[in-house]
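Structure first, commentary second.
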Amino acid sequence: MDLRQHVIAVLAEQAMLDPGDIDPAQPLADLGIDSLALVETIFALEEAFDISIPFNANDAQAMSFDLSSVEALVAAVSDLVAKKAA
Amino acid sequence: MRRVVITGAGTVNPLAMDVAGTYAAFAAGRCAIGPLLIRDVDRLSVKIAAQVHDWQPEQHFERQRLPLLDRFAQFALVAARQAVAQSGLRFEGALADTTGVVLGTAGGGLTTTDDNYRSVYAEGKSRVHPFVVPKLMSSAAPSHVSMEFTLRGPSFALSSACASSNHAMGLAFQMVRSGLADVMLTGGAEAMLCLGGIKAWEGLRVMSPDACRPFSLTRNGMVQGEGAAVFVFEDFDHARARGAVILAEVAGFGMTSDASDIVMPSTEGAARAMTIALKDAGLAPEQIGYINAHGTGTAANDRSETAAIRTVFGTQADRLMVSSTKSMHGHLIGGTGAVELLACLMALQTDVIAPTMGFETPDPDCNLDVVPNEARAVRVEAVLSNAFAFGGLNAVLALRRI
């Protein structure tokens, strides 16, 4: 499983959807992930990839971490994984 | 129904070791939030808190008693001593038999739990101190207070997360009002600034990395605090008959449950609690001059609380002063309502309104007079103290000048 599929699998688990039903262009909110589930999703991604995601629930708009869509999330996780390896 | 008054107050909190020092800090807008100094702080991403610094337990307790006293119970006992001393009460005979202690706490002896889990799980020890259980139990604080003053009436700990102290004080108020007791000691205590206690909060992603700025557009979360406040609640006639100095009247109490979400607050649930408190106190919205807000500095609470205040007070909301003293003493979790009641007492006793410190930029969603960054000298007749806990448990106290 590549990173992209892995991220989508984590999202699917949190959203209780089939990975095949997740459209990469979709905003996260459309997956039915509310604020509490989002915090849990961030934790699940950190655990899955052994990374630290800079996320503050009070400050979601101002963050450098892009959560606007599934695709953006894949890119952000990929970026953090690359930084960790460097 | 009987009237209930406050005849004693005591506290240990990050701002001061007593009530006078706390009032002075509120009036000066002093902020006790600073670098967190605990073991293993390098393993935390949250590195600030409002701590009680230079706490020396052996100055307050005999050495052989200390193995039984978690930090939260120590804070509660010292606060209770101050409150009882101020009240001038001596507990003997029928008064000792009916007086009880109701204290709020969310974590109880969490530091004791943390220390002993560490020693068993991380350090591989197979033996713990024999007093771990009586030290960590949430009811240890009221038990020790009852023993110290020989209070043999109804005593217990009460836990409703961040509303614990307000629920405790509300219940004590109802017990005195109904005639169950002439006097009750009540308030709350918390001491969860340890690796496990902060790590848990860190996980929720609601903590600020730099400051507590309630109602400010730039707010980015809450900051934890620790400490205690304890009050003597007394039947008005009982207090007057013995010539006691009365600090304020506890006029009413309202409590509701959102029954909706385990972390997100409901405007409707908070508004109903304030409305019930006002009705219980027989106060009209226009009689309230000041609200000590729950004001955690999170995006969700401050917006929802503002909307709730507007729902209850309508056009009166623009005239109200509303401040969050968490900007100075941090969020004491289960003990927070007790320390915040001091800001209400200060308003009624000294005509000084504690400010919301750290205020930077107005938020259109929090457009109340939050008494930004500077205390204000205004006489008010009655006040509310809000506490809205995780799990949707809301508790609001109404106090009146006497």
task = Using the six-membered ring wherever Trp is involved, compare the ring planes of H294(B) and H331(B) and label them parallel, tilted or perpendicular (cut-offs 30° and 60°).
result = perpendicular
Side-chain donor/acceptor of Q224(B) to backbone N/O of L193(B), under 3.5 Å = no
ask   = So which part of V206(B) gets closer than 4.5 Å to some heavy atom of chain A, the side chain, the backbone, both or neither?
value = both
query = Heavy-atom distance under 4.5 Å to chain B: side chain of S52(A), backbone, both or neither?
reply = neither
task = Using atom types as modelled and distance alone, determine if a side-chain donor or acceptor of S164(B) lies under 3.5 Å from a backbone N or O of A161(B).
result = yes
Structural part of M207(B) lying under 4.5 Å from a heavy atom of chain A = backbone
key: Counterpart residues, side chain to side chain donor-acceptor pair (under 3.5 Å), relative to T113(B) (two or more places apart)   = none
